[in-house]
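Working notes, structure below.
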Number of protein chains: 2
Amino acid sequence: MKTPEELVARFREQGYKVTPQRQLIFRLLDGNTAHPTAETLYEVAAQQMPGISLRTVYQTLSELSAMGEVQHIDLGSGAVRFDPNVDDHHHVVCSTCGVVHDVYVNQTPLHFEGDVEGFAVHSTRIVFSGECAQCAHLSA
Amino acid sequence: MKTPEELVARFREQGYKVTPQRQLIFRLLDGNTAHPTAETLYEVAAQQMPGISLRTVYQTLSELSAMGEVQHIDLGSGAVRFDPNVDDHHHVVCSTCGVVHDVYVNQTPLHFEGDVEGFAVHSTRIVFSGECAQCAHLSA
DNA sequence: TGTTAGTTAGCACGACTTGTTGATTAGCAG
DNA sequence: CTGCTAATCAACAAGTCGTGCTAACTAACA
Ligand SMILES: [Mn+2]
Ligand SMILES: [Mn+2]
Ligand SMILES: [Zn+2]
Ligand SMILES: [Zn+2]
């Protein structure tokens with residue numbers, strides 16, 4: 001994702017108004033590695049701006065997603081997570097606590113075999129599931 | 001997934017009754033590479049057994065899933081898909097028509113880098129997204 | 001044959017997300 | 001500064017996917 005300042009400029013270019021709500025969300029996403037859901041982002045936002053609506057958070061996230069500034073990650077476990085990291089990267093997910101971390105796989109592009117003649121791969125998503133160090137420690 | 005005959009035996013062992021509905025679903029899943037949703041499986045089932053309920057299809061799929069006989073695949077695009085192929089395999093998905101095919105990746109286990117000290121990987125899921133040959137042909 | 005699990009219809013609910021409406025606020029171009 | 005208009009908000013509804021529940025009926029299996 002671009003910096004909050006650059007996003008302000010891009011929003012102005014696109015004819016979108018630069019509201020305090022949008023700017024707050026830009027800042028909350030900047031450098032955010034928590035892979036938050038709309039709901040969790042809303043909760044943090046509401047602390048700094050009581051009265052902001054969940055609807056607006058969803059709306060702004062959709063705009064950023066449409067602009068390619070955030071990625072949305074559906075891990076199949078409840079709500080979609082949003083990711084300001086749009087580098088070519090992948091994720092490890094703890095099945096116990098749900099924490100998501102970025103990982104980088106250098107063997108990509110991967111080679112695969114199967115009955116898929118002529119299939120043009122545009123993107124590859126890898127999710128490693130397991131148990132994080134903290135959860136392993138607690139359960140021991 | 002085991003054969004329908006073996007599943008009949010396993011269900012009896014577990015104290016589950018072997019109903020015509022369950023047997024029909026066993027047969028519909030046997031060798032099925034379509035990665036159907038509960039809904040699409042229900043539609044096919046209802047042709048052969050009018051009156052079967054969607055509820056029962058969901059129920060039986062849950063039982064098979066709990067037994068490890070089918071895998072459920074959440075591609076983040078609508079309903080969960082069910083897969084009687086429980087081998088270690090991955091998927092290619094056409095973004096246009098939604099078709100899902102099995103693929104096998106032989107570089108697994110994959111090596112990754114990131115801030116994930118002590119994370120124990122239990123499973124790896126890879127999804128290749130792109131455009132299938134048919135869709136490429138149609139759009140050309 | 002009897003017990004009991006399974007099935008069904010029907011309705012509701014829950015989670016997540018989007019749509020709508022109508023009133024209010026405020027960004028920003030001129 | 002002013003005015004146009006987008007944005008926000010509250011409130012409510014709706015849609016999708018999946019599950020829960022009930023009550024009545026059916027049928028598997030001991
Ligand atoms: Mn990420
Ligand atoms: Mn498969
Ligand atoms: Zn954990
Ligand atoms: Zn296709």
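Numbers restart at 1 for each chain; the letters A, B, ... are given by sequence-line order, proteins then strands. Because the structure is a prediction, the values reported are computed rather than measured.
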Rounded to whole Å, the CZ-P distance (B/Arg22 to C/dT8) equals 11 Å
Mutual orientation of the aromatic rings belonging to B/Phe112 and A/Phe128 [parallel < 30°, tilted 30-60°, perpendicular > 60°] = tilted
### Query
Is there a donor-acceptor contact under 3.5 Å from the side chain of A/His89 to the main chain of A/Asp87?
yes
Residue pair B/Val18/A/Lys17 against DNA chain D: nearer the 5' end by closest nucleotide is A/Lys17
Q | Aromatic plane relationship, B/Phe11 with B/Phe26 - under 30° parallel, 30 to 60° tilted, over 60° perpendicular | A | perpendicular
Do B/Asp88 and B/Val105 pass the side-chain contact (heavy atoms from CB on, under 4.5 Å) test, and can you show the C-alpha distance, the side-chain angles, and the key distance before you say yes or no? CA-CA 9 Å; B/Asp88 181 17; B/Val105 177; over 6 Å; no
B/Leu24 atom CG is separated from C/dT7 atom C1', nearest whole Å, by 14 Å
- request: Given ring pair (Phe, Tyr, Trp, His ring centres under 6.0 Å), test B/His91 with B/His35 step by step and report yes or no.
  value: CA-CA 10 Å; B/His91 297 96; B/His35 301 83; 4.7 Å; yes
C/dA26 OP1/OP2 closer than 4.0 Å to side-chain N/O of A/Thr19:
no
A/Ala79 has its side chain closest, among C/dC16, C/dC28, C/dG6, to C/dC16
The correct set of residues in residues 46-77 of chain A placing a heavy atom under 4.0 Å from DNA chain D is A/Gly51, A/Ile52, A/Ser53, A/Thr56
Counted 5' to 3', the first and last nucleotides of DNA chain D within 4.0 Å (strictly under) of a heavy-atom of chain A are D/dT5 to D/dA10
Rounded to whole Å, the OH-P distance (B/Tyr16 to C/dT7) equals 11 Å
- Query: Counting N and O atoms only, with roles assigned by atom type, does the side chain of A/Thr60 sit under 3.5 Å from a partner on the main chain of A/Val57, one being a donor and the other an acceptor?
  - Reply: no
* Asked: Contact class for A/Glu39 (heavy atom, under 4.0 Å): base, sugar-phosphate, or nothing?
  -> nothing
Using 30° and 60° as the class limits, which term best fits the ring planes of A/His72 and A/Phe82: parallel, tilted or perpendicular? tilted
For this session: Could you please spell out the steps behind the side-chain contact (heavy atoms from CB on, under 4.5 Å) verdict for B/Leu110 and B/Ile126?
Result: CA-CA 11 Å; B/Leu110 288 171; B/Ile126 307 174; 3.9 Å; yes
